[in-house]
A.B. asks: 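Provided herewith is a single structure, encoded as structure tokens, for subsequent inquiry.
First the proteins, then the strands, lettered A, B, ... as listed; each starts at 1. Not measured: the values here are computed from a predicted model.
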Amino acid sequence: MSSPVPSPARYTVTAALPYANGPVHIGHLAGVYIPADIYSRYLRLQGRDVAFICGSDEHGVPITIRADKEGITPQQVVDKYHAQIRDTFAGLGISFDIFSRTSHAVHHETSQQFFLTLHEKGLLEVRESEQFYDPARGQFLADRYILGECPNCHNPNAYGDQCERCGTSLSPEELINPRSALSGAVPEKRLTSHWYLPLDKYEPWLRSWILEGHKDDWRINVYGQCKSWIDQGLHPRAVTRDLDWGVPVPLPEGAGKVLYVWFDAPIGYISATREWAAHAGKNWEDYWKRPDTELIHFIGKDNIVFHCIIFPTMLHAEGSYILPKNVPANEFLNLEGEKISTSRNWAVWAHEYLEDLPGKEDVLRYVLCATAPETKDNDFTWKDFQTRNNSELVAILGNFVNRTLVLTQKFYDGRIPAYSPAPAPEADQALAAAIAGAPARIGQALEGYKFRDALTELLDLARLGNKYLADAEPWKTIKTDEARTAQVMHLAAQLTAALAVLMEPFLPFTATKLRQMLNLQGSFHWAQGGAIDLLRPGHALGQVGLLFEKIEDDTVERQIAKLQAMRTPAMTTEPTPIPAAAEAPAEPSFIGIEDFAKVQLKVATVLDAVPVPKADKLLQLTLDAGEPQPRTVLSGIAQHYTPEEVKGRQVVVVANLAPRKMRGIESQGMILMAEDPATGKLAFVSPTAVVPGGAEVR
RNA sequence: GGCGGGGUAGCUCAGUUGGUUAGAGCACAGGAUUCAUAACCCUGAGGCCACGGGUUCAAAUCCCGUCCCCGCUACCA
């Protein structure tokens, strides 16, 4: 179908720059890189002009922290991870036109020029503010470089932006006894000046561009997040920082300062395009400055405001750039029911997958596309991975191809039979029509960024093929009706060829393998995925083998065991057990003694009680329940008791209640309280005489 | 706390402007079949559409409230 709007002359497709202080995991792949790659491959198959751009983001404080920790330079950190990430992407067939890095000279130059243009146009504001300063080292300190006691959980080594033990986000002012991570000195506040991008001035423009202009074509989650930001009021944002790792501010008065990483990172897309264009003999400005270019950013949901509000504002302010046409942000992928966590090492790392399951790149691509979190957070499980491989890739797609090719070998010595004589029976016409419409159906889904739907369409085609064979039964008709059998086998073989074209964006390795099996040379246009004449009569197949292999139980069990073994325990907790499905009680008003026995009640003494930040009902209690480690329990009693009233008290705690996270803190039990039905007032349930902590309540 | 998104079969997801018995794939059960990697094909079972109110002839869909999950949250108590 042709659209009335002329299709763009070229596409610039970007995938979020991975941060070069760690490897990439399946969440990154499902959310960003696999959809972006499918999209780019699809466009290329259509013969469109595509620049698929990515690179590693190599500036910012976390990298300097890691360098300090490992006793190496920041450059060594980013060298290591840049190479690792680059190789991982290559291993998975992510077909970037370039995977650059923000530490390259071209990027420093590009982002400095960008800054200067804004500066010279008078679009940046200079403001003074107070920042923490390390008098011993003579430098300003990023929040992350300030350590102190967490006001919440009293971890003595909380960072100025976050306490890693209890997960609370902090500001350096909140830390008790702050000290510099560099020298240990007590930081002092000093005046410093920075350049700011006055986002507030662009609010009317953003309103009309996003809220009016993209109401219907941006995803609801993206649009909603933007609207929320704009409605809350925008504020000037500092574009520079006092730091020595990054792109230096290109002004004399900016000595010792660098561009803030959020400012330089998205410009990395532009720098990478320049670097690519220089090698590819292209003009980079075509991909960023011409209105007939479509710019698409693939990102995760945490990146929405940067790519929809901040970066476009930068581009708009600079004046010579185009704006993103769409920003298809995905939600997050969970793993085995829990959030993926780098710090707890709860992740399937892409580079380890490639080592552990060699030759199964496309299986991961398939599964991550099929379960991509397009509209809401989604869950990856190894069991589902296995099922999708065995029941979909092997049983539907691989099986159709295999039975077709095996039959062709048996009946025709591996040569495609001629389709004759016409006319075609209805079943053949229906199948041919389904094939003919497939490129448009799949393409339409892809152009709407509905990658799961597109993949379903692809697999449906193989399903049709299986049904076609089952209905036509060529293994029977070969004995009775040679002409009909030839028709069926001819058409089935043509479908495998069409599949080889259509699967390319999703399963590039398999597509290559299938083309070899079919002995198909050369490259194909996407539209040829709708053809039923890719194989000439008499064409000889290549060597036929299996497209996919079954994955056995022990393979996924090993992966699950590995996950559990490698996970870093989250501080004080054991893994959250998945609550067993509650059986409907036969007798609702009574429980048996065995049910009661499941509940473990203990007396505990409240050692400490503190309010939970940003929660008005919760107190965080530290309990002595006669166990080696004190227990942390959150209790919704803050409106009834002050921490002082609670300290030292003896309480009854449900000791074997599944841990529960509230406000970022894990609660490891429940305090029993009695509630006055009239007033709602809560009262503690306590022993009337002092008993040792840990005493059982029965 | 504020804001955004989500909560639909065992699992992963569709459900267009409110309109018959809420759909698909996988898993499961039965049947048929044997060309194919015990794969394919047919049939079936399986849902208080998070919960509670409301509007309507009619609500998964619109309105109000509650709960839960994820994200964002500015030198904000």
Side-chain angles (χ1 to χ4, degrees), chain A residues 127 129-131 143 169 171-173 189 199-200 219-238 300-306 308-309 329-334 337-339 367 370-381 383-411 450 452-453 455-456 459-460 462-478 485 488-489 492 544-552 581 611 613-617 660-663:
Chain A
R127 294 187 172 196
S129 63
E130 288 197 318
Q131 299 278 320
D143 292 353
S169 55
S171 70
E173 286 82 357
K189 283 209 157 181
L199 283 177
D200 47 319
R219 285 186 181 170
I220 183 77
N221 57 340
V222 175
Y223 181 88
Q225 181 79 59
C226 292
K227 185 171 186 320
S228 159
W229 250 66
I230 295 170
D231 286 347
Q232 279 175 52
L234 300 166
H235 301 264
R237 219 181 150 91
K301 68 173 162 182
D302 54 335
N303 247 326
I304 289 173
V305 291
F306 284 100
C308 296
I309 294 191
N330 274 338
E331 302 283 308
F332 282 177
L333 190 70
N334 293 327
E338 291 180 50
K339 271 205 289 186
V367 172
T371 61
E374 285 177 11
T375 55
K376 61 179 178 194
D377 290 356
N378 220 336
D379 197 25
F380 176 94
T381 66
K383 186 81 191 84
D384 179 66
F385 171 87
Q386 180 190 22
T387 302
R388 285 189 184 275
N389 178 77
N390 293 354
S391 305
E392 298 177 20
L393 288 179
V394 172
I396 309 285
L397 183 54
N399 186 40
F400 169 67
V401 169
N402 189 47
R403 61 201 301 209
T404 301
L405 301 189
V406 166
L407 283 178
T408 303
Q409 286 189 317
K410 276 190 189 171
F411 298 167
K450 295 175 182 237
R452 282 188 319 225
D453 289 353
L455 193 57
T456 302
L459 233 68
D460 279 347
R463 284 191 183 93
L464 278 181
N466 278 319
K467 181 161 170 45
Y468 177 72
L469 287 184
D471 291 344
E473 299 184 303
W475 49 91
K476 281 188 182 167
T477 61
I478 186 71
T485 308
V488 170
M489 291 313 303
V544 172
L546 294 178
L547 227 38
F548 302 99
E549 288 171 352
K550 288 198 75 168
I551 291 174
E552 303 299 335
K614 299 175 186 173
D616 47 16
K617 292 181 181 167
R660 179 93 186 179
K661 245 186 163 181
M662 289 181 270
R663 295 260 137 233

A.B. asks: From NZ of A/K476 over to P of B/U33, roughly how many Å is that when rounded to an integer?
C.D. replies: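 One finds 7 Å between P of B/U33 and NZ of A/K476, rounded.
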A.B. asks: Nearest of B/A39, B/A36, B/C72 to any side-chain atom of A/W229?
C.D. replies: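 For A/W229, the side-chain atoms sit closest to B/C72.
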A.B. asks: Check every strand shown and say whether A/L199 touches a base, only sugar-phosphate, or nothing at a heavy-atom separation below 4.0 Å.
C.D. replies: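 No contact.
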A.B. asks: Which whole-number value in Å describes the distance from A/D377 CG to B/C11 P?
C.D. replies: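 The answer, rounded to whole Å, is 16 Å.
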A.B. asks: Which nucleotide wins on minimum distance to the side chain of A/I220, given the candidates B/G5, B/U37, B/U12?
C.D. replies: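 Nearest nucleotide to the side chain: B/G5.
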A.B. asks: Please classify the nucleic acid contact of A/D302 as base, sugar-phosphate, or nothing, using heavy-atom distances under 4.0 Å.
C.D. replies: sugar-phosphate
A.B. asks: By nearest heavy atom, map A/L547 and A/L464 onto RNA chain B; which one lands nearer the 5' end?
C.D. replies: A/L547
A.B. asks: Enumerate all atom pairs, one protein N or O and one N or O from nucleotides 14-16 of chain B, separated by less than 3.5 Å.
C.D. replies:
from: B/A14; atom 1: OP1; to: A/T375; atom 2: OG1; distance (Å): 2.6
from: B/A14; atom 1: OP1; to: A/R452; atom 2: NH2; distance (Å): 2.6

A.B. asks: Can you give me the closest heavy-atom contact between A/A492 and A/Y468, atom names plus distance?
C.D. replies: N-CE2, 4.4 Å
A.B. asks: Nearest whole Å is fine: how far is B/A39 P from A/L407 CG?
C.D. replies: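 Going from A/L407 (CG) to B/A39 (P), I get 19 Å.
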A.B. asks: Mind checking the C1' distance from B/C26 to B/C51? Whole angstroms is fine.
C.D. replies: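 Result for the C1' pair: 29 Å, nearest Å.
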A.B. asks: On a whole-Å scale, what distance lies between the C1' atoms belonging to B/A59 and B/U17?
C.D. replies: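 Approximately 14 Å lies between the C1' atom of B/A59 and that of B/U17.
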A.B. asks: Do you know which two heavy atoms are closest between A/F548 and A/L393, and how far apart they sit?
C.D. replies: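 Nearest pair, atom of A/F548 first, then A/L393: CD1-O, 3.4 Å.
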A.B. asks: Write down the distance between CG (A/L234) and C1' (B/U73), rounded to a whole number of angstrom.
C.D. replies: 13 Å
A.B. asks: Can A/E331 and A/K376 be counted as an ion pair, charged N to O under 4.0 angstrom?
C.D. replies: no
A.B. asks: Mind calculating the distance between CD (A/E473) and P (B/A32) to the nearest angstrom?
C.D. replies: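 Taking CD of A/E473 and P of B/A32, I get 15 Å after rounding.
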A.B. asks: Looking only at the side chain of A/N466 (C-beta and beyond, no hydrogens), which of the listed nucleotides B/C70, B/C72, B/C40 gets closest?
C.D. replies: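 The closest nucleotide is B/C40.
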A.B. asks: Flag yes if more than 12 heavy atoms outside A/E549 fall under 6.0 Å of its CD atom; otherwise flag no.
C.D. replies: no
A.B. asks: B/A39 phosphate, OP1 or OP2: any side-chain N/O from A/K550 under 4.0 angstrom?
C.D. replies: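 A/K550 to B/A39 OP1/OP2: side-chain N or O found under 4.0 Å.
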A.B. asks: Determine the minimum heavy-atom distance between A/P474 and A/L407, stating which atoms define it.
C.D. replies: CG-CD1, 4.1 Å
A.B. asks: Take A/T404 and A/M489 through the side-chain contact (heavy atoms from CB on, under 4.5 Å) test and state the conclusion after the steps.
C.D. replies: CA-CA 7 Å; A/T404 301; A/M489 291 313 303; 4.2 Å; yes
A.B. asks: Map A/T404 and A/S129 onto RNA chain B by nearest heavy atom, then report which one ends up closer to the 5' terminus.
C.D. replies: A/T404
A.B. asks: Restricting to non-hydrogen atoms, name the atom on A/R403 and the atom on A/N466 that form the minimum distance, rounded to 0.1 Å.
C.D. replies: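 That closest heavy-atom pairing would be NH1-OD1, 2.9 Å.
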A.B. asks: Under the side-chain contact (heavy atoms from CB on, under 4.5 Å) criterion, do A/R219 and A/E374 qualify, and how do the steps go?
C.D. replies: CA-CA 9 Å; A/R219 285 186 181 170; A/E374 285 177 11; 4.1 Å; yes
A.B. asks: Write down the distance separating the P atoms in B/G6 and B/G53, rounded off to the nearest Å.
C.D. replies: 24 Å
A.B. asks: Heavy atoms from C-beta onward define the side chain here; which of B/G71, B/A36, B/C35 lies closest to that of A/W475?
C.D. replies: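 Between B/G71, B/A36, B/C35, the one nearest the side chain of A/W475 would be B/C35.
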A.B. asks: How close or far is atom P of B/U34 from atom CG of A/D471, stated in whole angstroms?
C.D. replies: 14 Å
A.B. asks: Contact class for A/K410 vs. all strands (heavy atom < 4.0 Å): base, sugar-phosphate, or nothing?
C.D. replies: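 Touches sugar-phosphate only.
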A.B. asks: A/F548 near the nucleic acid: base, sugar-phosphate alone, or nothing, with a heavy-atom cut-off under 4.0 Å?
C.D. replies: base
A.B. asks: Say we look at B/G1 and B/C40: how far apart would their P atoms be, to the nearest angstrom?
C.D. replies: 50 Å
A.B. asks: Kindly say if A/K189 contacts the phosphate of B/C75, meaning a side-chain N or O under 4.0 Å from OP1 or OP2.
C.D. replies: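 Checking B/C75 against A/K189, no side-chain N or O comes under 4.0 Å of OP1 or OP2.
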A.B. asks: Roughly how far apart, to the nearest Å, are B/A9 and B/A60 at atom P?
C.D. replies: 14 Å
A.B. asks: Between the protein and nucleotides 24-27 of chain B, which nitrogen or oxygen pairs come in under 3.5 angstrom?
C.D. replies:
from: B/G25; atom 1: O3'; to: A/R463; atom 2: NH2; distance (Å): 3.2
from: B/G25; atom 1: O2'; to: A/R463; atom 2: NH2; distance (Å): 3.2
from: B/C26; atom 1: O3'; to: A/S391; atom 2: OG; distance (Å): 3.1
from: B/A27; atom 1: OP1; to: A/S391; atom 2: OG; distance (Å): 2.6

A.B. asks: Would you say A/K467 reaches B/C42's phosphate, i.e. side-chain N/O to OP1/OP2 under 4.0 Å?
C.D. replies: yes
A.B. asks: Indicate yes or no: at least one non-hydrogen side-chain atom of A/V394 is less than 4.5 angstrom from one of A/N399.
C.D. replies: no
A.B. asks: Using Watson-Crick pairs (N1 to N3, plus N6-O4 or O6-N4) and G-U wobble pairs, both distances under 3.5 Å, which stems of at least 3 pairs involve RNA chain B?
C.D. replies: B:1-7 with B:67-73, B:10-13 with B:23-26, B:28-31 with B:41-44, B:50-54 with B:62-66
A.B. asks: May I ask you to decide whether A/K339 forms a salt bridge with A/D377, counting only side-chain N to carboxylate O separations under 4.0 Å?
C.D. replies: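 Here A/K339 does not pair with A/D377 in a salt bridge, since their nearest N and O are not under 4.0 Å apart.
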A.B. asks: Of all heavy-atom pairs between A/Q386 and A/I551, which one has the smallest distance, and what is that distance?
C.D. replies: NE2-O, 3.0 Å
A.B. asks: Is there side-chain contact between A/S391 and A/I396, with at least one heavy-atom pair below 4.5 Å?
C.D. replies: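 No, side chains not in contact.
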A.B. asks: Heavy atoms only: give me the nearest A/C226-A/I304 pair and the separation to one decimal.
C.D. replies: SG-CG2, 4.2 Å
A.B. asks: Any side-chain heavy atom of A/E392 within less than 4.5 Å of one from A/V367?
C.D. replies: no
A.B. asks: Nearest-Å distance, CG (A/N303) to P (B/U73)?
C.D. replies: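 One finds 11 Å between P of B/U73 and CG of A/N303, rounded.
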A.B. asks: Would you mind reading off the distance between A/L397 atom CG and B/C40 atom P, rounded to a whole angstrom?
C.D. replies: 12 Å
A.B. asks: Quick check for you: among B/G71, B/U12, B/C40, whose closest atom lies nearest to any side-chain atom of A/R403?
C.D. replies: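 It is B/C40.
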